[in-house]
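The block underneath contains the structure these notes are about, expressed in C-alpha cells.
Predicted model only: the values in this text are computed from it and were never measured. Starting from 1, each residue takes its place in the sequence as its number.
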Amino acid sequence: MIRLLRDTKLSRIIQLASSSSSHCKTNHTTPCFFFSSYHQPCIASTSPFDSHSHAYANMLRLTIQHANPTSGMRIHCDILKRGASLDLFARNILLNMYVKSEYLDDASKLFDEMPHRNTISFVTLAQGYSLSRQFHRALDLILRLFREGYELNQFVFTTLLKLLVSMDCADMCMSIHACVFKLGHHSDAFVGTALIDAYSVCGNVEVARQVFYDISCKDMVSWTGMVACYAENCFYEDALKLFCLMRIMGYRPNNFTISGALKSCLGLESFDVGKSVHGCALKARYDQDLFVGTVLLELYTKSGEIVGAQRLFEDMPKNDLIPWSLMISRYAQSDRSREALELFFRMRQTSVVPNNFTFASVLQACASLSLLNLGRQIHSYVIKVGFDSNVFVSNALMDVYAKSGEIENSVKLFVESPEQNDVTWNTIIVGYVQLGDGEKAMNLFSYMLEYDMQPTEVTYSTVLRACASLAALEPGLQIHSLTIKTTYNKECVVANSLIDMYSKCGRINDARLIFDKMSKRDEVSWNAMICGYSMHGFGIEALNLFGMMRQTNCKPNKLTFVGVLSACSNAGLLDIGQAHFKSMLQEYGIEPCIEHYTCMVWLLGRAGKFDEAVKLIEEIPIQPSVMVWRALLGACVIHKNVDLGRVCAQHVLEMEPQDDATHVLLSNMYATARRWDNVASVRKNMQKKKVKKEPGLSWVENQGVVHYFCVGDTSHPDNKLIYAMLEWLNMKTRDAGYVPDRNVVLLDVEDDEKERLLWVHSERLALAFGLIRTPPACSIRIIKNLRICVDCHTVIKLVSKVVQREIVIRDINRFHHFRHGVCSCGDYCQSHHKTVSVAIVSSSHTLLSVLPIAPPPFLWSAFVTGFRFAPSFTVYDKTTIKRAERKYPQKVQLAFEQKQRPSSSDPTFPPTQNK
C-alpha cells in the first residue's frame with residue numbers, strides 16, 4: 001500500500017522532470033525547476049540544436065502522457081533520420097518513454113548508447129526493471145550507479161529500498177539506512193516513508209517509529225505508511241492512536257489510511273470502533289473504494305453481522321473479483337453454504353472471472369451440503385480453466401468427494417496432486433475417519449510422518465479420533481507422546497481429542513488428568529469429560545462435573561444434556577434425570593432433541609415406569625426415531641414385558657425391517673417367557689427376510705496386535721492354553737460361590753450343555769487370553785460388540801477378585817470396571833432394582849451442590865456405603881459425613897439404618913482411602 005502511493009508520487013516527479021524544459025524562460029539567469037542531479041540548470045539558448053532538442057522532448061512527453069508508444073517510436077525514428085542530436089534531458093525522456101511502454105530491451109539499448117548519463121538515467125531504467133520483476137538487473141544497475149560515483153539523492157534510496165523489499169531482502173535496509181543518515185536524507189519524507197515500509201516488512205516497528213518521528217515535514221503518505229506499519233505488525237492500538245492524532249493534526253485520511261485503521265479494529269475485535277471508522281469513510285466518500293470496502297466486509301462478517309455485510313456488498317461496485325470471492329468465502333465458513341452458492345451463481349452472470357480462492361470456497365460449500373453432482377460440475381469447469389493443479393482447489397475437491405462418500409476419488413486426486421501440503425494430508429485422513437475407516441487413517445498418518453510432513457493440531461485431533469473409534473490405546477499413547485514433543489497437547493482441540501480417546505479406551509483417570517491440566521476449556525472439553533464419565537457408569541461424578549461447568553462461562557448445550565441424562569440413565573437416577581430434563585427448556589432454553597427423549601425413555605423404562613415412558617413418547621413433537629423404540633424395547637426385555645415389547649419391536653421393524661438386533665431381542669424376550677412358538681416364528685421371519693444375527697465378538701490388544709474371539713472359538717494359536725485357563729477359572733469361581741445362570745442360554749438344551757456354552761462366550765475367551773499373555777500388574781481391556789450377558793458379568797466380577805487384577809470391558813452400551821469383585825456399574829445394568837448399590841462421589845465437591853432436587857434415600861445409602869473404584873475417586877471421610885449429618889440428620893440416620901457400612905475385612909469391598 002505504501003509502495004503504491006510512493007510509486008504514483010515518484011512517477012509524477014519524473015514527469016515533472018521531463019517537462020522542465022517547457023518552464024525554461026529566455027532569461028539566461030533563471031534555472032529550470034528541478035533538482036540539479038536530474039538535469040543541469042537549463043540556460044535559455046537560441047541555438048537550433050537546443051530548440052530541436054526541447055521540441056522533441058516536449059513531443060515525447062506528450063506521448064508518455066497519452067500512453068501512445070507508437071507515436072514516441074515514430075518521433076525517435078524521425079530523430080535518427082534527421083541525425084538530430086538530443087541533449088541529456090531529452091534522452092532521459094526518450095528512455096522514460098520506452099520504460100513506460102515496457103520495451104525494456106529497447107530502453108536498455110538506448111541507455112547503453114547514451115553518450116552521457118546522470119542519476120535520473122539510472123533510476124529510470126532501474127524502475128523499469130523492477131516493475132517487470134527483473135530485480136537482479138535493477139539491483140546491478142543501482143550498484144553500478146554507486147560504483148561510478150553518481151550523485152546519491154533521495155530518489156536513488158527510495159528506488160533501492162523498494163527494490164530490496166520486492167526481492168524479500170528488506171532485512172538489508174539497516175545498511176541503507178546508515179548511508180541515508182550519513183547523507184542527511186533521513187528527514188526527507190520520500191526516503192523516510194520508504195524506510196518505514198522496509199522496516200514494516202521486517203517487523204522492526206520500533207525503528208520504523210523512530211524513522212517516522214525523524215521526518216521533518218510529514219506528508220499524508222508518511223502518516224499512512226506508519227498507520228499501515230502498525231496495523232500490519234499487530235500494533236493495533238498504536239495504529240488507532242496515530243490515526244486519531246493524524247486527524248487532530250488536520251490531515252484528511254485517504255483510502256489506505258482508513259483501511260489500516262479498519263484492520264486494527266478487526267485485529268482488536270473492536271467492532272463498535274470499526275463502525276465509527278466506517279462512518280469516517282462514508283464522510284470522506286471512500287466507502288466505494290475497493291480497499292476500504294474489502295476490509296469493511298471482513299469486519300462485518302467477523303462480527304457476525306452478516307446482514308450488514310450483505311447490505312455493504314450490494315452497495316459496492318461489482319466489477320472486481322475480491323468482494324465476490326471474500327463474500328462467498330465468508331458465507332461458506334459461517335454455515336451459510338447455500339447463500340455462498342447462490343452468490344457464486346450471481347457472479348457467473350457477470351463478467352468477473354473466478355480464481356482459485358473462489359473455487360476453493362465454492363467447493364467448501366458443496367462439501368458442507370454433500371452436493372456431489374454440483375461438485376463434479378465445478379470440477380469439470382476447474383479442469384477447463386486450468387486450476388485443477390492448484391493446491392487449494394485440489395484440497396477442496398478432495399474434501400467434496402470425501403464428504404460425499406467417494407473416498408476413492410479423493411485418493412486419486414491426492415496421488416495425482418503435483419503439490420501437497422499439510423491440508424492435503426489432513427483432508428484424506430479426516431475423510432477416512434468420517435467414513436469410519438480409522439485404520440486407514442492411522443496408516444496414512446504413518447506415511448505422513450515418513451514423508452517428513454509436519455502434522456498440525458488438525459492432524460493430531462483427527463488421528464486421536466481414529467484411535468478412539470478403534471479403542472486403540474497403544475497408538476493413542478504414542479500419538480499423545482508426539483503431541484507433547486510438538487507442544488500441540490496444549491491446543492484445546494488436541495486436548496479434547498485426548499480426553500475422548502482415553503475415555504473410549506477405558507482410561508477414564510487419564511482423561512480426567514488431561515482435563516485438569518487444560519489451561520483453557522471450552523464446551524467441547526466439558527462435554528467430552530461428562531460423556532466419558534457417563535460412558536464409564538460414573539453418574540455422580542458426571543453430575544458433579546456438570547455442576548462445576550455451570551459455575552464457569554461455558555454454557556451447557558444439547559450435547560451436554562445428552563451426557564447428563566445418559567449418566568442418570570446408566571446410574572438409575574430417575575428423579576435427578578427428570579429434574580435435569582425439565583431444566584433444559586426452563587433454565588437454558590434448549591429444546592430437547594430425539595437423543596434426550598431416548599435417554600429419558602430408557603431411564604423410565606429401566607425403572608419399570610412403562611406408562612410414563614409411553615406417555616413421554618406420545619409427547620415427542622417429532623416422529624419417534626428407531627433409537628426411542630429400541631430403548632423401550634430393551635427395558636421391556638429386562639422387565640419381561642412381552643406385550644409392550646412386541647409393540648416396540650413392530651415400530652422398529654416398520655422403520656428398519658432388516659434390523660437384526662430387534663429380531664434377536666424379540667426372540668430372546670419370547671424365549672425368556674418360554675413362548676417357543678413365537679421364538680420359532682421370529683426366526684422363521686428372519687430367514688424369510690434373510691436377516692442374519694451379528695455374531696458376538698470380543699477382542700483384546702496385546703503388544704500392538706489385536707486378537708479376536710467369537711463364541712466357542714478354537715482357531716487361536718493359544719487355544720489349548722486358553723481353554724486350560726478357562727477350566728482353572730471355572731474351578732476358582734465355583735469355589736468363590738459362583739452359580740451359573742442357565743436362563744441366559746435361550747436354547748432348549750440340557751443344563752450341562754447350557755453351562756458348557758456359558759464358558760465359551762467370546763468375552764471369557766478374551767479374558768483367558770489376557771490373563772495368559774499380559775503382565776500380572778497390567779489391567780486387561782476387552783472390547784465386545786454386543787451387550788455383556790448377566791452370567792459373564794457375574795463371572796468376571798469373581799475373576800477380578802480371584803486374580804487381583806483390574807478388568808475393563810467395553811460393551812455396546814458402556815464400560816465396566818471390575819476390581820476386587822465389584823463392577824463400577826453397581827450391577828445396575830444387570831438388574832432391574834430401583835436403587836443403585838453404589839454411588840461414587842468426588843471428595844472435592846459436595847453431592848448436594850450437584851443435585852437439582854433433594855437427595856433420595858437410596859443415594860444416602862450409597863453415600864454412607866461409599867467406596868472407590870478408581871484412583872481419582874475418593875470416598876467421604878468422617879468429617880464429611882458429620883457435615884452431612886448436621887444438614888440432613890434424619891436422612892443420614894435412615895441411610896445408616898437401611899444399609900450398614902461393611903467392615904474392612906469384608907472381601908467384597910476394596911479398602912478405602914480417606915483424605
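With 3.5 Å as the limit, one finds a donor-acceptor pair spanning the side chains of Asn355 and Thr358. If you check the side chains of Asp500 and Ser497, you find no donor sitting under 3.5 Å from an acceptor. Gln310 and Tyr331 are linked by a side-chain donor-acceptor pair at a separation below 3.5 angstrom, with hydrogens and angles left out of the test.
In this structure, Tyr488 and Tyr460 have tilted ring planes: the angle between them lies in the 30° to 60° band. Between Trp699 and Tyr708, the ring-plane angle classifies as tilted under the 30° and 60° cut-offs.
Annotation: Gln623, atom CD; neighbour count of heavy atoms from other residues, nucleotides and ligands within 6.0 Å does not exceed 12. Around NZ of Lys302, the count of heavy atoms belonging to other residues, nucleotides or ligands within 6.0 Å exceeds 12. When the shell of 6.0 Å around CD of Glu439 is examined, it contains 12 or fewer heavy atoms from other residues, nucleotides or ligands. Under a cut-off of 6.0 angstrom, the local environment of CG in Asp516 is crowded, with over 12 non-hydrogen atoms contributed by other residues, nucleotides or ligands.
Remark: Leu290 pairs with Thr294, Asp320, Ile322, Pro323 by the side-chain contact (heavy atoms from CB on, under 4.5 Å) rule, at least two apart or across chains. Remark: Glu491 engages no residue in a salt bridge (charged side-chain N to carboxylate O under 4.0 Å, His left out) (not counting sequence neighbours).
Classification of Arg311 and Asp315 as a salt-bridged pair fails, no side-chain N sitting under 4.0 Å from a carboxylate O. A salt bridge links Glu314 with Arg346: the distance from a Lys NZ or Arg NE/NH1/NH2 to an Asp or Glu carboxylate oxygen falls below 4.0 Å. A salt bridge is defined here as a Lys NZ or Arg NE, NH1 or NH2 lying under 4.0 Å from an Asp or Glu carboxylate O, and Arg330 with Glu298 meets this definition.
In summary, of the residues considered (Ile514, Leu482, Ile484), a side-chain contact (heavy atoms from CB on, under 4.5 Å) with Asn489 occurs for Ile484 alone.
Residue pairs satisfying the side chain to side chain donor-acceptor pair (under 3.5 Å) criterion with at least one member in residues 367-377, sequence neighbours excluded, are listed as follows: Arg376-Glu406.
With a 6.0 Å cutoff to the six-membered ring centre and a 45° limit on the axis angle, Lys504 does not count as a cation-pi contact of Phe815.
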